[in-house]
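In what follows, a structure is listed as structure tokens, so that the remarks can point back to it.
Everything quoted here is computed from the prediction, not taken from an experiment. In what follows, chains are A, B, ... by sequence order, proteins preceding strands, each numbered from 1.
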Number of protein chains: 2
Amino acid sequence: MNIGQAAERSSVPAKTIRYYEEIGLIAAPPRHVNGYRDYDESRINELSFLASARRLGFSIDECRSLLSLYRDEHRASADVKAIAATHVAHIDARIADLKAMRRVIDSLAGHCHGDSRSDCSIIDGLAARAAGQPKEV
Amino acid sequence: MNIGQAAERSSVPAKTIRYYEEIGLIAAPPRHVNGYRDYDESRINELSFLASARRLGFSIDECRSLLSLYRDEHRASADVKAIAATHVAHIDARIADLKAMRRVIDSLAGHCHGDSRSDCSIIDGLAARAAGQPKEV
DNA sequence: AGGTAAGCTTGCCATGGCGGGAAGGTCAAT
DNA sequence: ATTGACCTTCCCGCCATGGCAAGCTTACCT
């Protein structure tokens with residue numbers, strides 16, 4: 001199967017497939033006589049697996065580990081779970097960061113008239129937070 | 001004031017200050033006879049303002065707009081509020097994405113033994129989601 | 001006066017995870 | 001024979017820096 005069809009079936013763009021091959025995330029597939037890459041079902045499965053993992057936010061390095069566990073019949077499910085747990089922790093941290101940002105912006109925007117007047121609690125807040133930063137932190 | 005002190009006082013690394021100058025986010029400061037950049041209080045304030053905005057997740061382009069509003073005594077606070085609202089919407093969308101990922105990973109990990117056995121609902125789930133994707137989506 | 005350490009200048013390479021596009025070879029159908 | 005779609009490699013760009021290097025200036029110590 002050519003790369004185009006592999007891309008379609010795995011939901012991984014052809015460009016990205018070649019990139020994954022380049023960084024050694026997937027093995028280089030055999031080539032047709034004309035030099036075209038040739039993908040079989042098991043490679044499609046790996047690519048699809050990667051597409052899923054990437055959609056769930058796993059980094060390329062995490063995907064590398066997950067994929068090797070996927071290929072390993074003698075894996076320990078604990079290893080898989082550990083990677084997932086680490087990733088969930090990152091997600092939670094990121095969510096917490098975003099929520100913190102949101103809270104601050106909300107509090108700044110709460111007192112902003114949002115009309116044609118120039119005084120603005122958001123601008124003031126950014127300037128004030130700025131002024132306070134070097135000492136407070 | 002030299003760039004090192006400006007960096008310290010504004011909490012913006014010297015490297016980043018030069019970058020901001022290069023992309024036209026801040027104006028190029030005057031130079032001393034020796035070629036060193038010279039920052040005054042108002043520039044420090046702008047840099048500190050940028051540090052705050054960046055910490056709150058505003059993109060460089062949003063910072064560009066915010067900064068020009070900060071500098072504009074005749075701004076309309078509505079313009080500021082609009083930028084903040086757009087950014088909050090992005091934050092919310094990102095949070096929703098992350099929560100969705102988290103939910104899926106949690107549901108996959110919930111049935112994973114997490115021991116030395118090889119069967120793993122996470123691996124299976126990633127493979128299955130993969131298989132299902134082309135049709136379902 | 002000399003040494004040296006810190007700070008400044010420019011510039012170039014790297015990150016992550018690809019996307020875009022050029023220049024060229026190949027294949028299927030008309 | 002020619003189109004058009006597909007494939008190949010290659011290199012550049014993104015964002016927002018961080019790191020490093022070579023070569024200045026400045027400040028301080030002896």
Rounded distance in Å - CZ (F58(A)) to P (dG16(C)): 18 Å
Most 5' of Y19(A) and R18(B) on DNA chain C, judged by nearest nucleotide: R18(B)
Pairwise ring-ring contact (aromatic ring centres under 6.0 Å, His included) hits with a residue in residues 71-96 of chain B, at least two apart: F58(B)-H87(B)
Listed partners of Y39(A) passing ring-ring contact (aromatic ring centres under 6.0 Å, His included), at least two apart: none
Integer-rounded Å distance: dG17(C) P and I26(A) CD1: 15 Å
Rounded distance (Å) that lies between atom C1' of dA16(D) and atom CD1 of I17(B): 14 Å
Residues in side chain to side chain contact (heavy atoms under 4.5 Å, CB included) contact with H111(B), at least two apart in sequence or another chain: S121(B)
Residue pairs passing the salt bridge (Lys or Arg N to Asp or Glu O under 4.0 Å) test where at least one lies in residues 56-67 of chain B, sequence neighbours excluded: D61(B)-R64(B)
Pairs touching residues 77-92 of chain B that satisfy salt bridge (Lys or Arg N to Asp or Glu O under 4.0 Å), sequence neighbours left out: R102(A)-D92(B)
d(CG, L47(A); P, dC18(C)) in whole Å: 12 Å
Side chain proximity check, E41(B) to M1(B), heavy atoms < 4.5 angstrom: yes
Show me the donor-acceptor pairs within less than 3.5 Å that the side chains of residues 15-33 of chain A make with the rest of the protein, sequence neighbours left out.
| from | atom 1 | to | atom 2 | distance (Å) |
| --- | --- | --- | --- | --- |
| E21(A) | OE1 | R37(A) | NE | 2.7 |
| R31(A) | NH1 | G35(A) | O | 2.9 |

Close side-chain approach of L56(B) to L126(A), heavy-atom, < 4.5 Å: yes
Whole-Å gap separating C1' (dG7(C)) and OH (Y39(B)): 14 Å
Heavy-atom check, side chain of I105(B) versus side chain of I91(A), under 4.5 Å: yes
With 3.5 Å as the limit, what N/O pairs link the protein to nucleotides 1-5 of chain C?
none

Interatomic distance, M1(B) CE vs dG7(C) C1' [rounded to whole Å]: 15 Å
Rounded distance in Å - CD (E21(A)) to P (dG17(C)): 18 Å
Student check: side-chain heavy atoms of L98(B) and L98(A) closer than 4.5 Å: yes
Touch class at under 4.0 angstrom, heavy-atom based, for I23(A) against every strand present: nothing
For atom NE2 of H32(B) and atom C1' of dC24(D), their distance in whole Å: 15 Å
Set of salt bridge (charged side-chain N to carboxylate O under 4.0 Å, His left out) partners for D119(A), sequence neighbours left out: none
Touch class at under 4.0 angstrom, heavy-atom based, for R37(B) against every strand present: sugar-phosphate
Flag side-chain contact, heavy atom, 4.5 Å: R54(B) against C63(B): yes
Proximity to DNA chain C (any heavy atom under 4.0 Å), residues of residues 88-102 of chain A only: none
R64(A) side chain near dG16(C) phosphate (N/O to OP1/OP2, under 4.0 Å): no
Test side chain to side chain contact (heavy atoms under 4.5 Å, CB included) applied to D97(B) - qualifying residues, sequence neighbours left out: R94(B)
Side-chain touch D38(A)/N2(A), heavy atoms, less than 4.5 angstrom: no
N/O-N/O pairs, protein side and nucleotides 25-29 of chain D side, under 3.5 Å:
| from | atom 1 | to | atom 2 | distance (Å) |
| --- | --- | --- | --- | --- |
| dT26(D) | OP1 | N34(B) | ND2 | 3.1 |

Could you pull out the protein-nucleic contacts involving nucleotides 19-21 of chain C (nitrogen or oxygen on both sides, under 3.5 Å)?
| from | atom 1 | to | atom 2 | distance (Å) |
| --- | --- | --- | --- | --- |
| dG19(C) | OP2 | T16(A) | OG1 | 3.0 |
| dG20(C) | N7 | K15(A) | NZ | 2.7 |
| dG20(C) | O6 | K15(A) | NZ | 2.2 |
| dG21(C) | O6 | K15(A) | NZ | 2.6 |

